[in-house]
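Below is one structure, written out as structure tokens; the observations come after it.
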Amino acid sequence: MLLEKIDCVAQLIKQSRKIVAFTGAGISTPSGIPDFRSPHSGMWNNVDPMVVASIYGFRNDPQAFYDWIYPLTQTTVNALPNPAHDALVRLETLGHLKAVITQNIDMLHTRAGSKTVYELHGHMREATCIHCFAVYAAEPIIAQFLVDKQVPHCSRCGGVLKPNVILFGEQLPIQQLMGAQDAARNTDLMIIIGSSLEVAPASELPLLATRAGAKLVILNLENTHLDAKAQVVIHADAAEILPEIMQRLEITA
Ligand code: NAD
């Protein structure tokens, strides 16, 4: 049954020329970065998301945000792309994949070598002062934060620095969103990987794709509300299945 599904996805890929991958935290769990919604992921244990991970909470108590994000930051800086990220790079190199739309902030797609990546929820490459909007490269700021666990401040005005990740209550970055919407409207096959599809407005993009006639493949450990709309649904580890799909594709090419 699983092998048939893998074959079927390889066939769909072969027939498609404008594939878009839509990824969530689940593509990075094999790299050691916990997702937010799997049982026991721990990210929301003992915290209120609206207090630690909203822009209102951040402005009110930035140290609470930084305390919460500390373990994720530590894991993310040490994480490496896994075979699922690598498979998407290969699919792009072969000319099948036009874009990756990701909700992840971990930058593992770009670090793996994917070229066209829309980071809907931002990234950890930069930080911005919430007072004067000065932008800083995040690397030295993160390195210092990992040592002292303190809220970083702007060297120009003393304001609090926020990593360029999108918190609850913030707008998505407009250029990334428009690029992602355009890719979703123009794709013939969207492959959803490791997303609960519970975070809007990102989760609306697969529907934009299906309304424009695209087929859907879903590769996720758990059910999603779009499973019924997909041509193929595989409930398994993305880092195992995507390389197998690539192998089928390249054997039968
Ligand atoms: P989510 O936590 O809501 O859902 C993750 C989904 O991935 C779950 O349904 C789970 O069953 C599935 N999954 C877990 N491991 C998997 C694997 N190895 N193979 C296949 N599926 C797997 O994640 P989301 O939908 O991306 O939404 C959460 C929000 O949290 C996003 O906004 C994202 O920005 C943020 N987030 C990002 C990271 C990251 O950058 N790596 C990590 C945690 C959360």
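Just so you know, ligand 1 is whichever comes first in the structure, and atom 1 is the first atom listed for that ligand.
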Quick one: look at Q103 and ligand 1, take heavy-atom pairs under 4.0 Å, and tell me if it's side chain, backbone, both or neither. both
Keeping D188 on the side-chain end and K18 on the backbone end, is there a donor-acceptor pair under 3.5 Å? yes
Proximal ligand 1 atoms for V199, defined as those under 4.0 Å from one of its heavy atoms: 27 (O)
Which ligand 1 atoms, with their elements, are less than 4.0 angstrom from a heavy-atom of A25? 23 (O), 24 (P), 26 (O), 38 (C), 42 (C), 43 (C), 44 (C)
Passes side chain to side chain contact (heavy atoms under 4.5 Å, CB included), L249 versus H96? Steps please. CA-CA 11 Å; L249 183 72; H96 293 281; 4.2 Å; yes
Taking heavy atoms and a distance under 4.0 Å, where does S28 meet ligand 1: side chain, backbone, both or neither? side chain
A239 to ligand 1, any heavy atom closer than 4.0 Å: no
Derivation and outcome, ring pair (Phe, Tyr, Trp, His ring centres under 6.0 Å), residues Y56 and F168: CA-CA 8 Å; Y56 320 107; F168 292 119; over 10 Å; no
Per-atom contacts, ligand 1 versus G26 - under 4.0 Å to a heavy atom: 5 (C), 7 (O), 13 (N), 14 (C), 15 (N), 16 (C), 17 (C), 18 (N), 19 (N), 22 (C)
Answer side chain, backbone, both or neither: which part of P30 comes under 4.0 Å from ligand 1, heavy atoms only. side chain
Would P34 count as a contact residue for ligand 1, given that I'm defining contact as a non-hydrogen atom of the residue lying under 4.0 Å from a ligand atom? yes
Give the minimum heavy-atom separation between S31 and H85, together with the two atoms involved. OG-CE1, 3.8 Å
Where's the contact between N220 and ligand 1, heavy-atom distance under 4.0 Å: side chain, backbone, both or neither? both
Logged contact type for D106 with ligand 1, heavy-atom cut-off 4.0 Å, is both
Assess whether salt bridge (Lys or Arg N to Asp or Glu O under 4.0 Å) is satisfied between R90 and E250, documenting all intermediate values. CA-CA 10 Å; R90 182 87 186 119; E250 298 195 55; 2.8 Å; yes
Within a distance under 4.0 Å of any heavy atom of G24, pick out the atoms of ligand 1 and give their elements. 26 (O)
Pairwise side-chain contact, V165 with M124, heavy-atom cut-off 4.5 Å (strictly under): yes
Numbering as shown, the atoms of ligand 1 that approach E222 to under 4.0 Å (heavy-atom distance): 8 (C), 9 (O), 10 (C), 11 (O)
Quick check on contacts: which atoms of ligand 1 are under 4.0 angstrom from a heavy atom of G194? 5 (C), 6 (C), 7 (O), 21 (N)
For A236 and ligand 1, answer yes if some heavy atom of the residue is under 4.0 Å from a ligand atom, otherwise no. yes
When you compare ligand 1 with I105, is there at least one nitrogen or oxygen pair between them that comes in under 3.5 angstrom? yes
Exam field: side chain E4 to backbone L2, donor-acceptor pair closer than 3.5 Å: no
Using a strict threshold of under 4.0 Å (side-chain N to carboxylate O), is an ion pair present between R125 and E139? no
Run the numbers for me: atoms of ligand 1, each under 4.0 Å from some heavy atom of H121, listed by number. 31 (C), 32 (O), 33 (C), 34 (O)
Return the minimal non-hydrogen interatomic distance between Y66 and F145, and the atom names on each side. O-CZ, 3.2 Å
Indicate yes or no: does an N/O atom of A238 lie under 3.5 Å from an N/O atom of ligand 1? yes
Smallest heavy-atom separation, K162 atom then F58 atom, equals CB-CZ, 3.5 Å
Exactly one candidate in T29, N104, L221 meets side-chain contact (heavy atoms from CB on, under 4.5 Å) with D35; the answer is T29
Mind checking the CD-NZ spacing from Q144 to K149? Nearest 0.5 Å is all I need. 13.5 Å
Which option out of D35, L221, I33 puts a heavy atom nearest to atom 5 (C) of ligand 1? D35
Can you name the atoms of ligand 1, numbered from 1 with element, that are less than 4.0 Å from a heavy atom of S196? 1 (P), 3 (O), 4 (O), 5 (C), 6 (C), 9 (O), 25 (O)
